[in-house]
Amino acid sequence: MTVRWYRRMLIILLVFAVTVGGSYCFLQIKREELKKEVSAGTGSENLLIPGGMPIGIYMETDGVMVLGTDEIKSSDGSSTSPAKHLVKDGDYIVGIDEEEVENKQELIEVMQNMSKKTVILHLRRKMEYIDVKIHPAKDEEGKYKLGIWVRDNVQGLGTITFLNANSEFGALGHGIHDVDTSELLEISEGTLYETSIQNIKKGQNGSPGGMEGIIVYNHYNVLGSITSNTETGIYGKIDRVDKVFKKQEAYPAASKEEIKTGKAYIRCAVSGEVKDYEIQITKIDLHPGEVNKGIEIRVTDEELLRITGGIVQGMSGSPILQDGKIVGAVTHVFVQDSTKGYGIFIENMLENLDE
């Protein structure tokens, strides 16, 4: 899909559930040396450079996502809902009649030239492709409409969890879901951008806080590409590694059996620089009901509590370190207690990177 840069030449103040970090280490390791040591497995021999740095996120959906249906009012005052019961929330429109549709603008252009009373809507529903016959309705201005609310992109702020020897990254520790349908977004492509944290709203019991950042969506600030959005995070490749990872010390990735309750650290940039903050791992569930809730943590670091109140929206993806190894990443905050939250095992993130 063609990247539409003109939509990115905006400065947007965003709050997004994902970011955190830790102090930079002092040992500089060249990527060429790191490549020689990295294993293809997911055990403790797999070396990774931990992240914790904030990044801007822009992703385009694979097709045009259906958010819902609506009624169309005609010039005579009557109303009709052409797509009701025919399309479902979370469907992806990929074509109309003989025309392929990749984004919202192309869908609008097809409808502007529409003169038929019946069209075939080509949809992707989960893993299945289906065709639906719809009778577009004329609105009060005499224009044909489908009566469908749609979305074709998502933007926000996130945190990188790790970088491997091939410049591949993992971030967030959880997938990006549509805010209206709660469905995991199916993406065609995405881009990482430079960003910086401008403000932090402290978390309070019953009201999660958040991180605010400024992202300039232009090609000068591009850091890399996003290739997949999964339940365990977003993945892709960083082109400007030295811009993101100022210093590069590799850590082994721990298997989940190596993790233990007790002292650990999360690495994040809530103070404006990447630092490590002390936490306690309070519970480990080797077979969690949700893949990104295998680790329970509690923030004990006084500085982090002073700055954020605990875990806030924007900290998802912050690496969790224990005994010199990367064990996981922060994923969720307890709404009723902002000092507590969940994390995902790093080996689960690595499994998805290999797919």
Side-chain angles (χ1 to χ4, degrees), residues 1 16-20 40-42 46 48-63 65 89-92 124-128 151-164 166-193 223-238 253-256 285-295 313-320 326-333 341-355:
M1 185 186 299
F16 195 81
V18 272
T19 308
V20 224
T42 59
N46 194 352
L48 304 169
I49 300 174
M53 306 70 122
I55 38 92
I57 296 169
Y58 178 90
M59 302 193 307
E60 295 184 347
T61 60
D62 186 12
M65 186 179 191
D89 299 358
D91 284 351
Y92 286 82
R124 185 177 68 254
R125 181 173 294 166
K126 303 298 184 183
M127 301 299 292
E128 182 182 5
R151 173 176 291 124
D152 65 354
N153 66 70
V154 63
Q155 306 165 21
L157 185 108
T159 297
I160 291 178
T161 303
F162 66 83
L163 180 78
N164 72 8
N166 297 317
S167 298
E168 297 169 315
F169 75 89
L172 310 192
H174 60 67
I176 296 178
H177 293 72
D178 181 74
V179 295
D180 295 297
T181 67
S182 298
E183 294 286 336
L184 182 72
L185 288 173
E186 299 176 20
I187 69 167
S188 62
E189 65 178 11
T191 308
L192 291 185
Y193 292 88
L223 297 173
S225 58
I226 303 168
T227 56
S228 61
N229 175 39
T230 77
E231 291 293 356
T232 68
I234 61 173
Y235 303 90
K237 196 152 190 173
I238 295 179
S255 66
K256 57 186 178 183
D285 185 351
L286 298 181
H287 305 286
E290 296 179 53
V291 68
N292 40 40
K293 292 185 177 181
I295 305 171
Q313 294 179 344
M315 290 177 72
S316 297
S318 303
I320 302 174
I326 302 176
V327 302
V330 176
T331 57
H332 297 83
V333 59
Y342 287 110
I344 185 174
F345 298 121
I346 193 66
E347 70 173 46
N348 288 130
M349 294 187 71
L350 294 175
E351 287 168 1
N352 278 273
L353 184 65
D354 293 337
E355 291 181 352

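What you see is a predicted model, and the numbers here were worked out from it, not measured in a lab.
Taking N292 as the reference, nothing meets the side-chain hydrogen bond (donor to acceptor under 3.5 Å, both in side chains) condition, with sequence neighbours excluded. Every residue meeting the side-chain contact (heavy atoms from CB on, under 4.5 Å) condition with T181, not counting sequence neighbours, appears here in chain and number order: M65, L67, D89, D178, E183. Under the ring-ring contact (aromatic ring centres under 6.0 Å, His included) criterion, Y342 pairs with F334, sequence neighbours left out. Considering only residues two or more places apart in sequence or on other chains, D180 meets the side-chain hydrogen bond (donor to acceptor under 3.5 Å, both in side chains) condition with R151. Remark: E290 pairs with K293 by the salt bridge (Lys or Arg N to Asp or Glu O under 4.0 Å) rule, at least two apart or across chains.
Annotation for P319 and G51: closest pair CG-N, 3.6 Å, computed over non-hydrogen atoms. Pairing each heavy atom of L184 with each of Y92, the nearest pair is O-OH, 3.9 Å. For the residue pair I226 and F169, the shortest heavy atom distance occurs at CG1-CZ, 4.2 Å. Contact detail for V154 and L185: the closest heavy-atom pair is CG1-CD1, 3.7 Å. Across all non-hydrogen atoms, the minimal contact from S255 to E347 is CA-OE1, 3.3 Å. Of all non-hydrogen atoms in I238 and L192, the two that sit nearest each other are CG1-CD1, 4.2 Å.
Interatomic distance, OG1 of T161 versus CD1 of I344, reported as 8.5 Å (0.5 Å rounding). How far CD1 of I49 is from CD1 of I326: 9.0 Å, rounded to the nearest 0.5 Å. To the nearest 0.5 Å, the span separating CD1 on I234 from CE on M349 amounts to 9.0 Å. Atom CD1 of I295 is separated from atom NZ of K256 by 10.5 Å, given to the nearest 0.5 angstrom. To the nearest 0.5 Å, atoms CG (L350) and CG (N164) are separated by 8.0 Å. A distance of 4.5 Å separates CG of L172 from CD1 of I57, quoted to the nearest 0.5 Å.
A donor atom on one side chain and an acceptor atom on the other are found under 3.5 Å apart for T230 and T232.
Side-chain atoms of E231 and H177, non-hydrogen and from C-beta on, do get closer than 4.5 Å to each other.
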Q | Stepwise side chain to side chain contact (heavy atoms under 4.5 Å, CB included) test for V327 and I346 | A | CA-CA 5 Å; V327 302; I346 193 66; 5.5 Å; no
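With hydrogens and angles ignored, the 3.5 Å screen pairs a side-chain donor or acceptor of T227 with a backbone N or O of Y235. In this structure a side-chain-to-backbone donor-acceptor pair under 3.5 Å is present from N229 to I176.
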